[in-house]
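Letters go in sequence order (proteins before strands), and every chain restarts at 1.
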4 protein chains.
Amino acid sequence: MARKPGVTVAGVRRRAQILHKAEELIARGAFQDMTMESIADALDVSKSGLYHYFKQKDDLLFAIRLETLTGLITHQRERMNSGRPYVDLVREMLYDGIKLVSDSPAKYRAIFELKMKSIAEREEEIQALERDYFHMMAATVQGAIDEGSIRPTDPRLVTQAILSMINHAQYWFKPSGRLSHRALADAYWEMLFIGVASEEWRTVPTATPIPRAANVEFINTEHSPPS
Amino acid sequence: MARKPGVTVAGVRRRAQILHKAEELIARGAFQDMTMESIADALDVSKSGLYHYFKQKDDLLFAIRLETLTGLITHQRERMNSGRPYVDLVREMLYDGIKLVSDSPAKYRAIFELKMKSIAEREEEIQALERDYFHMMAATVQGAIDEGSIRPTDPRLVTQAILSMINHAQYWFKPSGRLSHRALADAYWEMLFIGVASEEWRTVPTATPIPRAANVEFINTEHSPPS
Amino acid sequence: MARKPGVTVAGVRRRAQILHKAEELIARGAFQDMTMESIADALDVSKSGLYHYFKQKDDLLFAIRLETLTGLITHQRERMNSGRPYVDLVREMLYDGIKLVSDSPAKYRAIFELKMKSIAEREEEIQALERDYFHMMAATVQGAIDEGSIRPTDPRLVTQAILSMINHAQYWFKPSGRLSHRALADAYWEMLFIGVASEEWRTVPTATPIPRAANVEFINTEHSPPS
Amino acid sequence: MARKPGVTVAGVRRRAQILHKAEELIARGAFQDMTMESIADALDVSKSGLYHYFKQKDDLLFAIRLETLTGLITHQRERMNSGRPYVDLVREMLYDGIKLVSDSPAKYRAIFELKMKSIAEREEEIQALERDYFHMMAATVQGAIDEGSIRPTDPRLVTQAILSMINHAQYWFKPSGRLSHRALADAYWEMLFIGVASEEWRTVPTATPIPRAANVEFINTEHSPPS
DNA sequence: AATGAATGAGTCTTCATTCAT
DNA sequence: CATGAATGAAGACTCATTCAT
């Protein structure tokens with residue numbers, strides 16, 4: 001290949017700049033606002049300059065997802081090796097997620113929305129990472145179950161619940177508002193951990209009895225329950 | 001100038017058809033796939049035919065959101081007047097939401113994603129509806145708090161948590177999978193209502209302080225979170 | 001399909017205009033000079049207007065080839081049904097070809113060059129037509145052999161020789177020059193028919209004996225010798 | 001400024017390599033596939049590396065044509081000095097041409113197609129060579145006429161006929177087929193030399209007048225040939 | 001009420017070419 | 001010598017929208 005971008009120091013920086021600017025543009029507004037031209041303009045680079053680093057627009061989107069996920073995974077792996085109690089880790093997962101959405105909403109949108117509009121070709125690579133990430137989270141929850149801090153439940157559903165809260169935050173949470181991201185994470189954690197029921201009602205089954213929902217199975221996903 | 005659309009019976013039906021097909025196109029795929037042409041093709045109508053019913057594409061999007069929200073609000077209003085215990089109502093809100101996402105994923109996407117890409121003109125009208133809907137939900141939660149079934153918490157955050165679960169479900173829940181939407185709603189409710197903590201740990205809720213989480217950093221980006 | 005170009009009278013004419021202008025642009029210069037823009041400009045139509053009639057540039061090229069071949073085939077079919085002696089028909093084939101190249105060089109270039117740069121999808125359709133055309137020509141030659149006017153030779157090679165002369169003419173023949181296309185066709189025909197050898201040399205084998213080349217076989221083509 | 005290219009031995013070899021690779025790319029596919037990038041990729045050189053040897057793309061194309069023509073001319077000159085009978089030389093011209101097309105189709109395409117898309121600057125130089133080559137061929141034919149082996153005809157038309165056969169071969173001849181290039185050349189020579197007419201018909205060459213051919217008309221085009 | 005024709009303003013992508021190192 | 005970085009100009013294609021009929 002005669003095309004080897006990112007060899008020079010300046011080149012590496014440029015690539016990162018582009019990536020970052022693209023995220024920024026996604027963050028403030030719709031995906032459709034992230035055009036190759038808008039990125040180029042914002043960086044004061046020519047449009048064709050971008051194509052030196054990313055052969056297609058999709059490659060750019062791909063790179064964003066890849067980096068985000070890689071970062072998330074790396075961080076999660078470190079966390080899991082920290083030796084702290086699993087509950088803490090689970091709680092921290094929630095906290096970090098909320099913080100990430102608060103700091104750079106584009107990252108999470110990149111993961112969840114981008115997946116609905118990209119080429120199938122290298123999609124698998126990303127999906128593998130997504131699965132990895134999901135499994136790591138679920139494994140952490142399982143750890144908490146094993147250590148006895150979380151009662152036996154399907155760890156994957158707990159994970160989905162946490163992801164829900166994080167992902168949805170982007171649609172309403174304003175870092176500038178009265179609620180800090182820290183406070184939000186704490187509130188969500190409390191809800192999830194001890195529930196919202198009043199003491200008396202916790203034991204009283206609601207009208208429709210709640211069936212034991214643990215160990216339900218997914219289809220169409222290859223999630224294998226962690227151990 | 002032709003007559004105003006929606007005067008004839010056939011015209012009204014046509015309009016509804018268009019609306020429905022547009023939703024369908026959103027449901028399966030990205031928003032970018034919902035072009036005036038693709039809708040026209042799918043309906044076997046000429047492109048200009050669509051412009052009889054919707055003067056602009058934004059009007060179509062607007063109509064979708066309007067219809068969805070109105071439907072949700074009406075339903076919620078009826079629910080609140082049913083005289084049943086508030087806990088049940090809250091739980092049902094969650095259930096209905098999951099069901100809706102399961103049946104027609106586009107509905108919730110219409111509400112949450114569409115808001116990020118439409119023209120501001122009649123945006124206020126929609127926002128008022130969104131607020132209405134949100135307040136009705138929050139009021140229901142408040143009702144449960146008042147009746148003593150839910151312990152005193154910020155009802156808006158509980159509402160957001162419920163919306164989170166519902167909205168996020170569209171990204172992973174497959175109605176064809178082995179987990180029914182009912183089972184999912186039940187599992188989520190259990191988590192939310194009695195929490196995931198084991199009995200012993202419930203009592204030391206915030207005992208373990210959350211340590212300062214190391215910043216989630218990403219490779220090759222120079223993004224430094226605001227303070 | 002909501003897209004039905006060529007329904008109106010004006011539409012049909014437009015389509016033909018576009019096709020014709022495209023050919024013209026190919027004729028005077030390289031293929032690369034036939035851009036969608038140049039066609040649009042030349043016709044005083046907007047670029048997107050062209051796309052109403054041809055969804056892709058390739059469709060335009062395809063249409064040109066299709067029409068050219070169809071015209072050629074129709075004409076050839078009529079000729080073959082005219083009841084005249086086959087020699088005349090063969091000679092006329094050569095004459096018509098030279099005339100066509102003289103009148104509109106683009107047509108033949110369309111057939112022979114375009115085939116090297118088009119999508120494979122509908123390529124078969126064209127190839128079938130090309131085969132048809134070739135077979136009709138070869139069959140005419142065979143007719144002449146059967147009627148005794150042409151000596152037994154491989155009719156396909158004779159056909160290729162005729163096509164050669166026609167096709168190559170585009171590279172050097174100028175209708176405005178001193179040689180009329182009629183004269184050229186006559187000269188070529190004489191060469192091909194009675195050969196260029198002087199009387200004495202016709203019977204003298206040249207240094208290397210000329211082997212009987214009749215009935216050689218092709219590979220990679222599905223030409224079946226016309227009975 | 002760097003040294004002039006082609007000073008080092010390695011440099012000369014590099015230049016030849018590039019030239020050769022470019023031809024190869026022309027040979028298999030369209031001209032449009034021969035981009036500076038594709039050549040660079042194929043040679044595992046950087047794009048800017050090419051610009052060391054050829055200041056412009058046109059220089060490359062020019063070089064290809066130059067080399068090809070020079071080769072042909074040199075060969076032809078040697079042939080003409082060989083002292084053999086002119087008929088043999090003419091026949092050999094045809095044979096060599098067919099062989100060349102068979103071995104490297106790009107060569108003839110370079111001559112005939114390239115001329116239609118290059119910048120005019122040094123075009124004259126090439127054209128002079130083309131004329132030289134053509135004249136040498138025509139002179140050889142004239143020699144045969146003078147020696148009495150070929151009957152008096154316009155030697156230029158005979159030359160064109162030969163070139164036709166050679167050039168057109170690239171569009172259909174497959175070296176891998178069952179017809180060898182030798183056999184093809186022989187068959188063509190036979191046709192050209194003694195003609196395809198049967199003995200009886202030879203004597204009434206233009207007896208049958210060519211009837212006014214009906215104009216070859218094409219559907220949907222308004223192309224009317226200039227009288 | 002409905003359609004085909006037509007358009008302008010993008011949006012992605014390619015490519016020959018230059019330049020600093 | 002050689003390369004990565006960068007660019008301008010152009011080209012294919014899309015899409016919301018308007019208009020005459």
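- Among the protein residues, C:Gly11 comes within range of the sugar-phosphate backbone only, with heavy atoms under 4.0 Å from sugar or phosphate atoms but none that close to a base.
- Note on A:Ser48: a base of the nucleic acid sits closer than 4.0 angstrom, heavy atoms only.
- Whole-Å rounding puts the A:Leu50 CG to E:dT13 P distance at 11 Å.
- Rounded to an integer number of Å, the gap from CD of D:Gln56 to C1' of E:dC15 is 14 Å.
- When the P atom of E:dT11 is taken as reference, atom CE of A:Met36 falls 13 Å away, rounded to whole Å.
- Under the Watson-Crick or G-U wobble criterion, with both distances below 3.5 Å, E:dC19 is paired with F:dG4.
- At the heavy-atom level, B:Arg14 lies nowhere under 4.0 Å from the strands shown.
- One atom, CD of C:Glu37, and another, P of E:dG8, lie 12 Å apart when rounded to the nearest Å.
- Distance OH (D:Tyr51) to P (F:dC1): 19 Å, rounded to an integer number of Å.
- Two residues, B:Lys57 and C:Lys57, neighbour DNA chain F, and the one matched to the more 5' nucleotide by heavy-atom proximity is C:Lys57.
- For the pair D:Met34 and C:Ala10, nearest-nucleotide mapping onto DNA chain E gives the more 5' position to C:Ala10.
- Per the geometry, CG belonging to C:Leu60 stands 15 Å off C1' belonging to F:dG11, to the nearest Å.
- Mapping C:Asp44 and C:Thr8 onto DNA chain E by nearest heavy atom places C:Thr8 at the nucleotide closer to the 5' end.
- Side-chain atoms of C:Val7 lie closest to E:dG4 of the nucleotides F:dT3, E:dG4, F:dA12.
- Within the 4.5 Å cutoff, the side chain of D:Leu129 has no heavy atoms near those of the D:Arg65 side chain.
- Along DNA chain F, the nucleotide nearest B:Thr35 and the nucleotide nearest A:Ser46 are compared for position; the residue whose nucleotide lies closer to the 5' end is A:Ser46.
- Separating the NE2 atom of A:His52 from the P atom of F:dA5 is a distance of 4 Å, rounded to the nearest angstrom.
- Put simply, the side chain of D:Thr68 gets close to the backbone of D:Ile64: a donor and an acceptor are under 3.5 Å apart.
- Between the side chain of A:Ser46 and the backbone N or O of A:Gly49 there is at least one donor-acceptor pair closer than 3.5 Å.
- Distance OH (D:Tyr53) to P (E:dT17): 18 Å, rounded to an integer number of Å.
- Residues A:Phe62 and A:Glu125 form a side-chain contact, since some pair of their non-hydrogen atoms from C-beta on lies under 4.5 Å apart.
- A:Leu43 is not listed as a side-chain neighbour of A:Arg14, based on a closest heavy-atom distance of 4.5 Å or more.
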